[in-house]
Protein chains: 2
Amino acid sequence: MFDINPSAASPIWLQIEEGIRRMISLGALKPADPVPSVRDLARTLRVNPNTVARVYQRLTEAGVLVVRRGEGTYVADVPQQPKKSEKHEKLRDGATAYAGTALAVGAGVDEAAAELERSYDRLSRELRRKA
Amino acid sequence: MFDINPSAASPIWLQIEEGIRRMISLGALKPADPVPSVRDLARTLRVNPNTVARVYQRLTEAGVLVVRRGEGTYVADVPQQPKKSEKHEKLRDGATAYAGTALAVGAGVDEAAAELERSYDRLSRELRRKA
DNA sequence: ACTACTGTACTAGATTGATAATACAGTGTT
DNA sequence: AACACTGTATTATCAATCTAGTACAGTAGT
């Protein structure tokens with residue numbers, strides 16, 4: 001699945017939300033696939049079920065997941081990707097945060113870019129392994 | 001100076017801390033230079049003075065700033081950079097977070113790297129302008 | 001001395017994120 | 001019908017963050 005870092009700057013619910021979106025983007029979760037139940041995923045990630053429930057609700061509102069009440073939660077037939085504007089905004093915000101950190105610790109562009117590629121490849125590989 | 005995003009995932013005090021470290025890394029703040037007073041910086045960034053005070057204390061403990069009580073706070077003569085291990089850790093964590101976001105919104109490595117360079121250049125330019 | 005700045009300290013509230021425990025309604029299996 | 005699962009809802013509690021207001025000690029200029 002993916003890992004949660006409870007001591008990270010970004011809140012747990014966001015980490016879970018991005019984790020699910022990543023798995024869908026990479027095909028580790030395909031349309032109509034079931035996602036783990038709220039309680040299962042909470043146990044796996046060692047977080048509170050309420051936190052997972054909130055994420056599923058958000059992703060359902062966003063059209064990424066669909067709920068069949070009493071039965072389970074599934075990836076939507078056509079999982080919505082963020083709108084182009086929203087995608088760019090999140091990408092830009094993320095890039096700004098990372099660039100800010102890199103500059104703060106005295107890392108050059110090349111160093112930062114190299115580390116980015118490493119992380120990107122690692123995350124891709126981890127998820128594609130389960131596709 | 002730099003901007004604060006109150007609704008960002010990372011806490012305000014961290015944004016301020018990294019902002020100061022960036023300015024020193026880029027030479028916008030040089031050794032022995034005075035930094036704005038707690039109240040001044042708080043007013044400029046539109047945050048609470050307590051938040052700025054905590055950052056100054058952290059940076060003083062880290063050997064980045066020095067305090068002359070009753071007079072002001074200054075950049076240390078030899079502002080400490082994070083240790084190599086700590087630098088790498090922060091860089092890796094930042095890269096992981098950014099790569100995770102990029103994958104979540106369906107952006108490719110190249111797209112993410114391009115956006116990173118843009119942000120890096122922008123931040124550099126903004127700060128070098130005041131050096 | 002007076003004034004106006006420094007950093008520092010403290011208390012008190014609001015908000016947010018996360019946890020914990022419980023309960024309820026819907027579905028499928030036995 | 002009984003049971004074991006689903007998602008959902010509610011309430012309470014705790015910690016972290018940020019804000020607000022106030023106060024105090026040190027320094028500099030008038």
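The shown structure was predicted, so the numbers you read here are calculated from the model rather than taken from an experiment. So you know, we letter chains A, B, ... as the sequences are listed, proteins then strands, and number each from 1.
Atom C1' of nucleotide dG7(C) and atom OH of Y74(B) are separated by 12 Å, given to the nearest angstrom. Here the C1' atom of nucleotide dT8(D) and the CG atom of L41(A) are 16 Å apart, to the nearest Å. Taking atom CD on E17(A) and atom P on dA18(C), their separation rounds to 12 Å, with Å as the unit. Going from atom CG of N5(A) over to atom P of dG17(C) covers 17 Å, rounded to whole Å. Straight-line distance from the CD1 atom of I16(A) to the P atom of dT19(C): 8 Å, rounded to whole Å. Atom CG of D40(A) and atom P of dC5(D) are 9 Å apart (whole Å). In this entry the distance linking CD1 of I12(B) with P of dA20(D) reads 11 Å, nearest Å. At whole-Å resolution of the value, CG in L65(B) and P in dG7(C) are 10 Å apart.
No single ILVMFWY cluster, assembled from side-chain heavy atoms under 4.5 Å apart, contains both L91(B) and L14(B). By the rule that hydrophobic residues join a cluster once side-chain heavy atoms approach within less than 4.5 Å of another member, Y98(B) and L103(B) end up as members of separate clusters.
No donor-acceptor distance shorter than 3.5 angstrom exists from the side chain of E18(A) to the backbone of I16(A), with no hydrogens or angles considered. Looking at Q81(B), its side chain never comes within 3.5 Å of a backbone N or O of P79(B) through a donor-acceptor pair.
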For every nucleotide of nucleotides 25-30 of chain D, 5' to 3': is a protein heavy atom under 4.0 Å from its base (B), only from its sugar-phosphate (S), or from neither (-)?
BBSS--
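With respect to K30(A) and D33(A), no salt bridge is recorded, no charged nitrogen being found less than 4.0 Å from a carboxylate O. Taking a cutoff of 4.0 Å between a charged side-chain nitrogen and a carboxylate oxygen, E115(A) and R92(B) do not qualify as a salt bridge. Remark: E17(B) does not engage R54(B) in a salt bridge, criterion side-chain N to carboxylate O under 4.0 Å. Salt bridge absent: E86(A) and K83(A) never bring a charged side-chain N and a carboxylate O closer than 4.0 Å. We find that D40(A) and R43(A) are joined by a salt bridge, their nearest charged nitrogen and carboxylate oxygen being less than 4.0 Å apart.
A rotation axis mapping the C1' atoms of four pairs onto the next four is fitted at both ends of the helix from dA1(C)-dT30(D) to dT30(C)-dA1(D) over five pairs, and the angle between these axes is 0° to 10 degrees.
Of the N and O atoms on the side chains of S119(B) and D121(B), not one donor lies less than 3.5 Å from an acceptor on the other residue. A donor atom on one side chain and an acceptor atom on the other are not found under 3.5 Å apart for R22(A) and S124(A).
Considering only side-chain atoms of R39(B), the nucleotide from dG17(C), dT6(C), dG7(D) that sits closest is dT6(C).
Residues from residues 45-57 of chain B placing a heavy atom under 4.0 Å of any atom in DNA chain D, listed by number, are V47(B), N48(B), N50(B), T51(B).
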